[in-house]
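Note that this is a predicted model, so its numbers are computed, not measured. By convention in this document, chain letters (A, B, ...) are assigned in the order of the sequence lines, proteins followed by strands, and residues within each chain are numbered from 1.
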Amino acid sequence: MVWTGLSPDAAREALVNKDKSMRDKRMALKEAVALFIKDGDNIGIGGFVNIRQPVAITHEMVRHGFKNLTLSFQSAGLAGDYLAGAMMLDESRFSIKRIELAYWAHESFGLSPMFRYLAERGKIEMEDWSNYNMSARFKAGAMGLPFLPTRSPLAGDVPSSNRTKIIICPFTRRKIALVPASNPNVAIIHVTAADKYGNCIIRGTDATCPEIAMASAHTIVTCEQLVDHEVIASHPKDVGIPFPAVDAVIHVPFGAYPGACRRHYYFNGDHIRRFHAAAAPMQKGGASGALKAYYDEYIYSIDTFGDFIKKFPADKLMADQAAESYNCQRPA
Amino acid sequence: MVWTGLSPDAAREALVNKDKSMRDKRMALKEAVALFIKDGDNIGIGGFVNIRQPVAITHEMVRHGFKNLTLSFQSAGLAGDYLAGAMMLDESRFSIKRIELAYWAHESFGLSPMFRYLAERGKIEMEDWSNYNMSARFKAGAMGLPFLPTRSPLAGDVPSSNRTKIIICPFTRRKIALVPASNPNVAIIHVTAADKYGNCIIRGTDATCPEIAMASAHTIVTCEQLVDHEVIASHPKDVGIPFPAVDAVIHVPFGAYPGACRRHYYFNGDHIRRFHAAAAPMQKGGASGALKAYYDEYIYSIDTFGDFIKKFPADKLMADQAAESYNCQRPA
Amino acid sequence: MTDGATYTAQEIIVVAGSKIIEDKKIVFVGTGLPMVATLLAKRTHAPGLIPVFEAGAMGPPLNAGLPISVGDSKTFTDASYVKGLNAAFEMTQRGYADFGFIGGAEVDMFGNLNSTMIGDYPGGYQKPAVRLPGSGGASDMAASCERTILIVPHDKRKFKEKLSYVTSPGHLDGTPNARYNTGLQGKGPYRLISTKGIFDFEEKTKRMRLISVFPGETVESIQAATGFELLVAADVKLFAPPTREEIRLIREEIDPNGVFVKKSS
Amino acid sequence: MTDGATYTAQEIIVVAGSKIIEDKKIVFVGTGLPMVATLLAKRTHAPGLIPVFEAGAMGPPLNAGLPISVGDSKTFTDASYVKGLNAAFEMTQRGYADFGFIGGAEVDMFGNLNSTMIGDYPGGYQKPAVRLPGSGGASDMAASCERTILIVPHDKRKFKEKLSYVTSPGHLDGTPNARYNTGLQGKGPYRLISTKGIFDFEEKTKRMRLISVFPGETVESIQAATGFELLVAADVKLFAPPTREEIRLIREEIDPNGVFVKKSS
């Protein structure tokens, strides 16, 4: 097995045949998820740990139900958790077959009980890489290359856990690693602002969102702000993802919540802990009741991500906005 | 011969041992050129054709005098011309040994008589690459890699003109080219704005300036505007070249003139043609008088680039500024 | 001429070039006449055309007028994306450029182009008879755009059996899958526009084939000005001369200063 | 203790870590205690320290306080350069990171770290006894920072003869030029800070060597808590306990909410 998404030749062919024109790509999130994601797809997940993860898109994916997905990311937190939690509850409704990853946990918010549950029971294939490996793999895919060379990690057990090939550099005669491109079927990305054509502005870290979007056959983008094209085009160097890389644009305020989004809101740590607490019993061998209750309340019983956000008290949402406005002070 | 600048290992070693602290790097252009450039060096030239070429730096290099330089660039116009013209006049005072290039001419302003003079008389070693090859070579150098793979041009005579190695990709089993990194000794770059530490903002095309600066052992930057660090740090995503990559910062308004610089001035085509007209007789086998007169008037008889700019009538400078402000309308 | 416009050889190239480009496609635009043809297409049948320039601009409306360089400030204003050369070529390598519009000093029957040197390669490489500018981005566009449109002024010394140097790979030696086998992407040369007519490349042999004759030329006059044997399509068309409106757009609106389209004098 | 401060095991790690970092150097900061140590260094002896975070920030002053993630908004405000993960790791690969500050769940005598899994590799890789988060950027920092500073809580089960899995390469098997020969860059592990003392890696054998003992510990107590034979420096030092001011800075200014430095209760 070399390619788990599209091969480089297939990725080029798909892009060549795609309608890359500048057209209105706004649609409902439900529609985008149903239109572009299929069972068995390799999904490239944007953001980094709990920063700008495509949380709203994962909720909609859970509601829709998909089977045998491959998830590709460098470091994920909530996006992985929401998909994995659905699998913990009912594998016939939602399942992940394989993950290609560098890190799945929550830094100061601790380990992911969902990842531990699936991994320690042997329920998913794992392929471990480093953050730079996964970033370089998406970048190779975005550049239209079959691989990129890297100097890390090169030694230890990471290279033997995956498809890295170590060669002798023909110029230096020293060892160097080649990591194969990742060209996912669908990229799921949350950005700070976008226009209706899909030109995206990302504040704070780009993470590897531009690379994942350019590498994938299709890209679904949710955005905190939907702005006129003229506003974005007046600062073209701010555009991190250009419109031809994007297939669907959905305006979803708080789309990365309870994670953080630069200039908009800081982490809701309480809710992250509450979500994890609901999964912890199953990870420890206990019952699914708490996790099922969480999914019923926050995902299955509602129709849109807007309904999820409405479950938070306005003063809590405003407090998380205020915390971010302290991190990043600027007049409106 | 594999490495004409620093080898990848030597480039890393030089950077590891360099003082990368955040300190005031302002100095006179004369001082920077004398301090960082040596005979025999490989010089990475920023800009693209006649856009944001480091013209002021090349004037100072000509006044200083250097021998046996290697010039590395994707597409150059005026910067190459000013250095080459000096060699045409007196090889014992200024000489280029080798060029690694994709293009040396002036688009709508025609061919370079200086390049034709040196090339057609066999006075310089040439190594032809494509624009993407040279860009990827600088990028490999900037990334700390010994090479990058590329899919172009792969066929035709360009790969056999240079050190490209074509291998079978171990993942796809298709042919792919590897181009060796370029790590010049010194990068010469003109930017739109910089702070005293060397954080640079580039408007319009980045060309390959960030890559060249990050790849080189030393970088000399001239800037149209020298601004407070706080002004730049308030928009950190606008920074194209970060301070540790820069060794000298010199405030030189019109530093790319008579070429163009986005948001500041458009081309002075008349002066470009006048400069070329001075070199044309020698290219056709004639006398050096016109070219010598040009260099005497515009470079040798004066002390700084400010004196060069003063030779243009204020209304012409203002007209070229006005032309650019039409290209790129924005209130001050 | 249909409506009585007079025009120059460069002007008919521009008109022919603009008509070959399709609307709503991404076009990687080389310097010179391709820029004029792109603007003409955008102002006539292809308002949704998306230009890309190698210095890094994607999708500018070009409202500030004709760029005189592919890194011109006019290419960045109101663009959708602006980076540098690496980004432009990486996008092309990825498959984002539907068309590439390139020129050359010499062409052979398989659409390979020379823009590097006149002389003997490799023997005379370090001291060429005439040194041309070099590849620039042309060889990259030729390697990785999905389809390329070539522009070469027609002249027996430019349409050659064997090039001094192959800068930009076309259909190589014309053998089946020649491009794929060398690692290239894209379908290669799609059309060639000269000062005398329009050519495609025959499916099986990949040889240059005359498909359209400019006014005043014949199959014979074009073959006579060509240094190799041309294929000729069964249904060669007579290319309609530029209209008054097309010429007016070129002369008055697109290139009023004659930067690339020289004024007939 | 010199001035009578009481402190926790995490607090002395933070103080030791901050003292190892040199002023005016670029420090690639991993998540957790390294962030606290970096802020403490910046507010004491190393105001010119330049932090880099793997999500893409270079040189932020961190005036908005302690980041709780290496991609935290606080790392971007007033930074000198902000891109994404590729840029941060490319700079490191190029040689821009003088120090890398990383943690792990297990360490061996050559400073190799595990943060991937507890269990049997490769046999039990797809069903580990305990699945840890994975490398993240740690293996990249270990591979390409010029010198690395490791932080591992001291425990016989964590200081092991053989790791379950080598995530982040240290001095590998300790043979001469082992790192260079596998293609790695940088000098590898420089110091290790545990909850019991500070270690370097002896020049010739690359084995972990005790150089500084935290208050309350002895060479013997530390060896007893270590799963392999430690080397011991000829002049082992007693590490001075944290000062009241250092503890105040940590508790009141740097990590007042106990995000990474747990409050003793």
Below 4.5 Å, heavy-atom pairs only: which of B:C209, B:S108, B:G156 has the largest tally toward chain C?
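If we count pairs closer than 4.5 Å to chain C, B:S108 comes out on top.
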
Residue among B:A105, B:A177, B:G47, B:A207 with most heavy-atom pairs under 4.5 Å to chain C:
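Max contact count across the listed options: B:A207.
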
Dump the intermediate steps for side-chain contact (heavy atoms from CB on, under 4.5 Å) on C:K74 and B:Y266, then the final yes or no.
CA-CA 10 Å; C:K74 296 177 196 289; B:Y266 203 50; 3.1 Å; yes

Under 4.5 Å from a heavy atom of chain B, the part of [X] involved:
| X | result |
| --- | --- |
| C:A178 | neither |
| C:A142 | neither |
| C:L132 | backbone |
| C:N86 | both |
| C:Y180 | both |
| C:N63 | backbone |
| C:F260 | side chain |
| C:P122 | neither |
| C:T182 | both |
| C:Y165 | both |

If we count only N and O atoms by modelled type, under 3.5 Å, do the side chains of [X] and [Y] hold a donor and an acceptor together?
| X | Y | result |
| --- | --- | --- |
| C:Y121 | B:S160 | yes |
| B:Y132 | C:Q93 | yes |
| C:S73 | B:E324 | yes |

Interchain contact, [X] with chain C, by part (heavy-atom threshold 4.5 Å):
| X | result |
| --- | --- |
| B:S75 | side chain |
| B:Q74 | side chain |
| B:Q329 | neither |
| B:F138 | neither |
| B:A155 | both |
| B:T150 | both |
| B:I51 | side chain |
| B:I166 | neither |
| B:R121 | backbone |
| B:S161 | both |

Do you know which of [options] has the most heavy-atom pairs with chain B at a distance under 4.5 angstrom?
| options | answer |
| --- | --- |
| C:A64, C:G134, C:G170, C:S168 | C:A64 |
| C:P128, C:G56, C:S144 | C:P128 |
| C:V70, C:L172, C:N112 | C:V70 |

Give a yes or no on whether the backbone of B:A102 and the side-chain of C:S135 come within a donor-acceptor separation of less than 3.5 Å.
no

For C:Q126 and B:M126, indicate whether the former's side chain and the latter's backbone hold a donor-acceptor pair under 3.5 Å.
yes

Where [X] and [Y] come nearest, the two heavy atoms and their spacing:
| X | Y | result |
| --- | --- | --- |
| B:S135 | C:L85 | OG-CB, 3.5 Å |
| C:V82 | B:G204 | CG1-O, 3.6 Å |
| C:S69 | B:E107 | OG-OE2, 2.6 Å |

Between B:L154 and C:P169, is any pair of side-chain heavy atoms under 4.5 Å apart?
no

Any salt bridge linking C:E90 with B:R151? Criterion: basic side-chain nitrogen under 4.0 Å from a carboxylate oxygen.
no

Is atom NZ of C:K160 surrounded by more than 12 heavy atoms (other residues, nucleotides or ligands) closer than 6.0 Å?
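Yes, enclosed.
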
Interatomic spacing from [atom1] in [X] to [atom2] in [Y] - rounded to 0.5 Å:
| X | Y | atom1 | atom2 | answer |
| --- | --- | --- | --- | --- |
| C:K83 | B:I202 | NZ | CD1 | 12.0 Å |
| B:T205 | C:E54 | OG1 | CD | 10.0 Å |
| B:D157 | C:M117 | CG | CE | 9.0 Å |
| C:S115 | B:D128 | OG | CG | 9.0 Å |

Apply side-chain contact (heavy atoms from CB on, under 4.5 Å) to B:R262 and C:T77, showing your working.
CA-CA 10 Å; B:R262 175 136 174 110; C:T77 299; 3.0 Å; yes

Set out, in order, the CA-CA distance, both residues' side-chain angles and the distance that settles side-chain contact (heavy atoms from CB on, under 4.5 Å) for C:D72 and B:F48, then state yes or no.
CA-CA 10 Å; C:D72 194 311; B:F48 174 82; over 6 Å; no

